[in-house]
Structure formats: structure tokens, C-alpha cells
Novice: 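Here it is, the structure, as C-alpha cells.
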Amino acid sequence: MALPLLPGFSFRRNIGGENFHKSQRWGYCNNVPMLFEEKPGIGGQPLLDQRPKPKYTEFPDGMGSNPPAWIAFDKQVLCFHAYFEEEVPDKNQELYRIRHCKIYFYPEDDTIQVTEPHVLNSGIDQGTILRRHRIPLPPPHEDQFYTILHFNINIEVNFYSRIFKIVDCDLYTKNFLKKMGVRVNPPGTRPHDPYITQRRQRILESTNPVRPYERFDTLKQFLEYDGQVLGFTCAWNDPECLHYGPRELVLRYYLADDTIDIREVLPENSGRDVVPYFLKRDKLPKDAPTEMLQPGTITNYTLLNVLGKSERNKGYYIRDTLQTGAVRQEFYKDCDLKIGAVINVWGRKMVICDCDEFTKEYYRKKYGTVDFTPVQFKTPPPPEPEKPVPPYNGFGSEEDSLISCKKLLPQAPLKDYRKFLVKDRYGMESNTLRFGAKFITEDPIDKDRKFVISYFLSDDTISVFEYTERNTGIPGGRFLERGRIKKPGQELFKSELSEYYKAHDLFVGARVCFHGHSFLLVDADEYTFSYMEKNANEFPVADVGVLLMRLKDKTESRSKEIRKTFATTDPEQTNVIDYDTFRNWIVSVTGGAFSEHEIMTLGRHYGVRDDCQTDLTFLLAGAHEKLKKNGFENFDQLSAVFVYYDREKCGVLPYETCRTICKSFRLPLSDEVLETLLTGYEDDQKQVNYHMFVHGLNWRENQIRPVPTVKGRIKKQSDWSQIPTCPPVKMVKYLPLLDDLFGKEE
């Protein structure tokens, strides 16, 4: 009959060979009676036999935050080298044993694990001696547990009545203890087991194995070189078909197991059968045997028949450790393969002619080879005979006729789709060059006709449009349909393709002839000038550097005279002159060698441009109309988001940040209008004043009267002379031009 457990009763019992002493009390959890450890009394006050619960760790407090131990010491383990003595009372050969082990301490939860390394043929259960858990201190402090402060070198620890002597620890553990302020003792020595050193070692040295074996360990080579293959190009002169030249083969050497396979590279229409391998993957012997060896001749071991055959027809064999009758065979290694070497592939002499880049790098690192000059074994192919192309017969396009001569089946000529995708119209980029032109003629009627020549960069086509003038008797409109135009003066029926007008052939001042009509290009739009200046490598007339070099060659000898001329032209010393004076000076200095486009490029580069900013009032009026129609009124929320992203509270934000915030609110404005409005509120540092921006958009607080639109057609100028009607700039700064030509004046 079991005695009832009284409240507060402290007992000691033996479970699994270990002594546990705990204060336990009955309680209820979810209406289930359970035993609770260290249950306090009424009011949470400890009872008479209860002791305060110790801390898990006793590390000194440091500066800063105190993270929990399972975060601060996660994946950190302290390792101590120790040993313990074990008595052996039932053997006369040994009285005790010295067993080496390792003690692992986990600072995250003060748990300890003890493991013993395995010893070959020890006959002892080794491995984990103590599983990972918190180990209590020996009596009379069994209610406390081991912490890191209980460990040091050259001390003894008691784990469940077993004494462990700590002799050393690893470097990480030493540094950990030193940071805690523990003075680490010098390392000790681990004694050897007398039975192993004195008796067992002698037995092992004096005993020969019954079946000795040689260890062939290729695992290291496999793990190190798996997947790495050396590639060589070889040539073999086949004696049966010498008139075809040497046969090309590819040899691959596998570094993982020193095997070789060979494939043949068959030329077109060779007449040979296609086989997967010329030589299957295997080790290749250096000297091929003259006669076929019997199976079992080459083995790793040699057995000797000692007594012959007995009465029961059974033999007695032992292994020949000296390998007296062994047949040895050498195989090709990586050191034997190099460019120019001749290898024997089962009686076929092959020359290594070249190798790949990986093989070259491998031989550079391992053998220091530098010379990888390939061996030429292929005869150069004869030059291909020129295929005569018949002249163009006038049917279809020239490209289409040429393709029909090269192909048996008719195909359409290939188009440059990459150029089409890159140079096609995209957004505000039209990729179209537009020039103003007029006829080169003495006819008074055709002399005043005005044209717009458009060049499309996507497919090199040209279209011509004529302005409609009243009371001239000429309808105007489309003058030439879009298409590619040939340059004049070319033969019609010829074998070569005709030359067409390209983008660099069109510039202001150029004379072109389209199907018998001669045009003079007298002007261009702003996009054309900007595009040609951005792509100056494609348009020499818009390359400022080239133009300055040409101008410098013509004016370098007259630098002082030119400076005096400009000083006389500018008596008020404003450092600027008008564009007409600048143009006349370029024409007089160069003798008319510069075209109008080249002069305009220099004028644009050194000109004084007018600040034509976008009218924000007009843009805000249009933006207000859009916001009203879509019912957008979240201006307070928009301003709050701007303030939130302004960490420094300076009232400005970068352009990209403001654009992203506006996009997140889905403002009913186009990208061009939004970007222009943000640019209007930028400062010199490219920072947008978001307070003014939001105030300008707020159509309730900032009312803007709509701007009336101008109705009617814009009157065009009717006088087009050879000089462009609209100069690119009005004034030109001549001092920077003189400094670039002759250097700064001292």
C-alpha cells in the first residue's frame, strides 16, 4: 500500500541509477492531478524547504542591450579535452583504463554533452557518454547546475559520481573564457592507457594479417576532380585512306579516374559511318600488347599454390606479397599528354595537335607549361570560286533579284529588324530627321516652292511633302511617296547593288537629287539638330571636335589678326557677336569650305540660347481640369506623404522620390505633364519643393483662370533664301571659340 504524499514532503528516490532530490507537490492542471516542482506557497512566498531558483548563466553584464541567451549564444559551443579513469576488476592484464573524451558546453542553455571518440577494435561502447542536458552539481549542491564558471583547464569535474580531468580546450574556448575574465590555466598532458601502449601495441606490431591487402583509395581523386575533363584535338594518319588526309579526333581525359575516350569529327560528305565513340572510355595502356592477354592475367593480387591438389581435389593458396609473377601495365596519365606528343591508341599513332582553354589553364597551374602552340595538320581549304552574278534585269527590286540568283527556292530579302526595333518611333522619340528644302532651278514658278524632306531612320526611307500656297496653281501635299531613293549617276543594269541615300548624306546645305528633281536643304527642325549632335560619330557635320580641328588648321597662323578682328567687331566688349557676323567670318576664313550645317553646329555650340521655360500657369490650368474631372482631392494626404519621406524636414525631396509618390497616388496626369511640373519646381540641386508643388496642384485653394487657346492657322514666312530663315541662335560667344582654337590669351 502506497503512503500518501504530504504537502511539503521532500523525498529522495533512485531512477535509472541516478539520485534525484526534488521538492514536489500535488496540484491540478486542467482538472488533472499533477506533480509540480518548486510550487510556492500561498501568496507566492517560498516554503521552508524551498531554495531560490539559481540563474541559468552567470555572465557579467555588458554595455548596451541584453539579448536573451538563446540569441546571444546561438550556435556557439565550447569544447574541452578531458579523460577519466575506469577500473577493470575482472581482468589481470589491466587494472584500469584511461578513456579520452570531449566535453561540449552550450552557453545558450548551460547544457553539457560528453562524447568519446571511437577506437578501432576496442570492444567498448563508445560515442555519446552523456546526452546533452543540464547536469547538476555534486552533493550537497545538487539543486544547482554546472555553468561556464565551473570549467577551466587542469581541473576536475564530477558528472554523476564520475571524475573527468580537463587537460586542454580549443582556441575559441580559450578566447571565450578570457573575455569573461577567467584566468585560463596552462594546458596539461593526457596520460596514455598502459594496456594499449605496453601490451596491445606490441601484439599489433608482431602480428601479420592472415590476408594482407593493399588499399587502393581513389575517393579523394574522385571528389577533387569529378566533372573536370581535359580536351585535346588529335590527328591520325589512316594508312588505308591517305588521299583523304589525316582524320581529326577529339580526345577527352577524365581527371576523376584517369580514363580516356576518343570521338571522331567527321567532315561533311565523308562517306564514313557515324559511330558514337572511336574509343570507349577506359584506361589507355601506353604499350599495347602484341598478343591478346587472357582474362585474369592482370590483377591486383597474386596467389601461390602451396601444396598442390590434395586427395579431395582442393588446393591451398597464399598471397604473394612480393608480387613476383605479377604482370604490370602502365597507363597514360595527364603528364603524358601535351601538344606535339604522339600516343599509342592500341597500335594507332595519334598526334596531339591542340587543346581547349580549360586544359591550358590546368597545365599552367600544375606543370607550369607556357607554350601551347598548336600543330597544324589540316591543309588549308582551296579558295572558293567566285560566283558570277548576272546583271539586274529590271524585274522587281535589286535585292529580290539577287536572292533569287543565290537560292534555288525563292525567298524574300532579309530586313534589318534589329535596326527597325531600335530606331522605330517610341514615345517622344520620332527617330525622323526633317529638313526644309527648295528646288534648285531658275524657273520662277518652281523657285518659290517649299518642301519638307523626312528621313526615317528605322528603314532608311525618304518622303517629300510640299507646302500648300494659295493662288499658285500648285495643289501641294504629298510630293514623293515614302521609299528608298537611289543616288543619281548609277548604272541601272549591273551586277552590284545600287547605293541609296543614307542619313549622313542629308544636312543643311546639301544638294540631293530625287528621281531627277534637285533639292537644296536650307533648314532643319530642333530634333534633327539635337539628334545629329548626340550621334556625332554618325554625322561628321555635327561633330564639334572635328570641326574645331579643321578650323584650327586654317586659322592657326592668323591668331593675332583674328583676335583683333573680333575686338573691332565688339567695341563694347560684350564678348558676343550676332550670328550673321559669325557666319560671314567662318565663310571668309574657310573660303566656303564649311557647309551651312557645320556653321550652324558651331553657332549652336557657342551660342547664347534664350531661356524658354515652360509656362507653368498654362500647365497647371490643364492639370486642374484633369484633376477636377477625375474628382481628385487628396491633397492633404499627398502632402503628408511628402512630409513623411522628408527625414530632414527641409521642404525638398529628390525628383525621383517625388515622381514615385505621385505615381503611387495615381494622379490623372500624363507622364510628360507630371515630369514637366516637377521640373518647374526644382532648384539648382535637382531638389523639388513639394510644398509649392502640392499648392500648385490644389485646384480648390489655388484657382487658376483657364488660358484661352489661339484659333486659326499660324502664318508662315514666305521668303526662303539660301540662308536659313530661322538662325539657331541670335548671339554667339566668341571668346570660348578663340580659347579652343588658339588657347587662352596671356
Side-chain angles (χ1 to χ4, degrees), residues 422-432 525-536 542 544 576 604-710 726 728-731 733 736:
V422 173
K423 297 295 185 179
D424 192 22
R425 181 184 181 91
Y426 178 76
M428 302 300 293
E429 289 289 332
S430 63
N431 287 317
T432 304
D525 58 2
E526 178 64 25
Y527 177 82
T528 303
F529 283 115
S530 301
Y531 182 87
M532 297 176 73
E533 291 170 1
K534 290 179 182 178
N535 301 274
V544 179
V576 294
R604 288 169 56 86
H605 184 71
Y606 295 102
V608 180
R609 295 179 178 269
D610 296 333
D611 296 332
C612 50
Q613 298 182 352
T614 306
D615 190 358
L616 290 180
T617 305
F618 179 78
L619 291 176
L620 288 175
H624 284 186
E625 292 295 328
K626 288 284 187 180
L627 296 173
K628 288 179 182 179
K629 290 181 180 180
N630 290 271
F632 184 85
E633 298 181 0
N634 299 330
F635 300 106
D636 295 338
Q637 186 177 359
L638 179 62
S639 179
V641 175
F642 278 120
V643 173
Y644 173 77
Y645 279 93
D646 186 9
R647 303 298 184 185
E648 300 179 358
K649 307 302 178 185
C650 55
V652 293
L653 285 174
Y655 170 83
E656 291 296 334
T657 305
C658 296
R659 185 175 180 272
T660 304
I661 295 174
C662 294
K663 285 290 185 181
S664 64
F665 275 84
R666 298 183 179 179
L667 293 177
L669 303 176
S670 62
D671 293 342
E672 291 82 7
V673 174
L674 179 61
E675 293 173 0
T676 307
L677 289 174
L678 291 174
T679 306
Y681 291 101
E682 279 184 345
D683 55 8
D684 297 337
Q685 286 76 25
K686 301 298 181 181
Q687 300 287 326
V688 179
N689 190 333
Y690 57 84
H691 290 298
M692 298 180 61
F693 174 71
V694 176
H695 178 71
L697 290 180
N698 195 340
W699 54 273
R700 287 196 174 275
E701 298 180 359
N702 183 21
Q703 297 289 339
I704 298 178
R705 182 177 300 177
V707 180
T709 58
V710 179
C726 299
V729 291
K730 295 181 180 179
M731 306 298 292
K733 297 179 288 186

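What's counted below: heavy atoms across the whole structure, side chains too, no hydrogens, waters or symmetry copies.
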Novice: Give, for atom SG of Cys662 and atom CG of Leu669, the distance between the pair rounded to the nearest 0.5 Å.
Specialist: 8.5 Å
Novice: Specify the closest pair of heavy atoms between Lys626 and Asn630, including all atoms of both residues, with the distance to one decimal.
Specialist: O-ND2, 2.7 Å
Novice: Quick one: closest heavy-atom pair of Ala542 and Ala536, and the distance?
Specialist: O-CB, 3.9 Å
Novice: Does the side chain of Glu533 come within less than 4.5 Å of Val544's, by heavy atoms?
Specialist: no
Novice: Say you draw a straight line from CG of Asp525 to OG of Ser530; how long is it, rounded to the nearest 0.5 Å?
Specialist: 8.5 Å
Novice: Out of curiosity, Leu677 CG to Arg659 CZ, how far, rounded to the nearest 0.5 Å?
Specialist: 13.0 Å
Novice: If you draw a 6.0 Å radius around CZ in Phe665, do more than 12 non-hydrogen atoms from other residues or ligands fall strictly inside?
Specialist: yes
Novice: For a 4.5 angstrom cut-off between non-hydrogen side-chain atoms, does Asp671 reach Lys663?
Specialist: yes
Novice: What heavy-atom pair brings Gly696 and Leu620 nearest, and what distance separates the two atoms?
Specialist: O-CD2, 3.7 Å
Novice: Indicate yes or no for a side-chain donor-acceptor contact from Trp699 to the backbone of Phe632 under 3.5 Å, with no hydrogens or angles considered.
Specialist: yes
Novice: How close do Ile661 and Val641 get, heavy atom to heavy atom, and via which atoms?
Specialist: CG2-CG1, 3.7 Å
Novice: Please check this pair: side chain of Lys423 against backbone of Thr432, looking for a donor-acceptor N/O pair closer than 3.5 Å.
Specialist: no
Novice: Which residues satisfy the side chain to side chain donor-acceptor pair (under 3.5 Å) test with Lys733, sequence neighbours excluded?
Specialist: none
Novice: When you compare the side chain of Phe635 with that of Asn702, does any pair of heavy atoms fall below 4.5 Å?
Specialist: no
Novice: Could you check if a side-chain atom of Tyr527 sits within less than 4.5 angstrom of a side-chain atom of Glu429, using non-hydrogen atoms only?
Specialist: yes
Novice: Do Lys649 and Val643 come close enough that some side-chain heavy atom pair is under 4.5 Å?
Specialist: yes
Novice: If you apply the rule side-chain contact (heavy atoms from CB on, under 4.5 Å), what do you find for Gln687 with Cys658, and how did you get there?
Specialist: CA-CA 9 Å; Gln687 300 287 326; Cys658 296; over 6 Å; no
Novice: Could you give the distance from CZ (Arg700) to NE2 (His624), rounded to the nearest 0.5 Å?
Specialist: 12.0 Å
Novice: Supply the atom-to-atom distance Glu633 CD to Asn698 CG, rounded to the nearest 0.5 angstrom.
Specialist: 9.0 Å
Novice: Should we say atom NZ of Lys534 is surrounded by more than 12 heavy atoms from elsewhere, each under 6.0 Å from it?
Specialist: no
Novice: Are Ser639 and Asp636 close enough that a side-chain donor and a side-chain acceptor fall under 3.5 Å?
Specialist: no
Novice: Kindly assign one of parallel, tilted or perpendicular to the pair Phe642 and Tyr690, based on the angle between their ring planes and the thresholds 30° and 60°.
Specialist: parallel
Novice: Considering all heavy atoms of both residues, which atom of Asp424 and which atom of Asn431 are nearest to each other, and what is their separation?
Specialist: O-ND2, 2.9 Å
Novice: Examine distances only and state if a side-chain atom of Asp646 and a backbone atom of Gly651 form a donor-acceptor pair shorter than 3.5 Å.
Specialist: yes
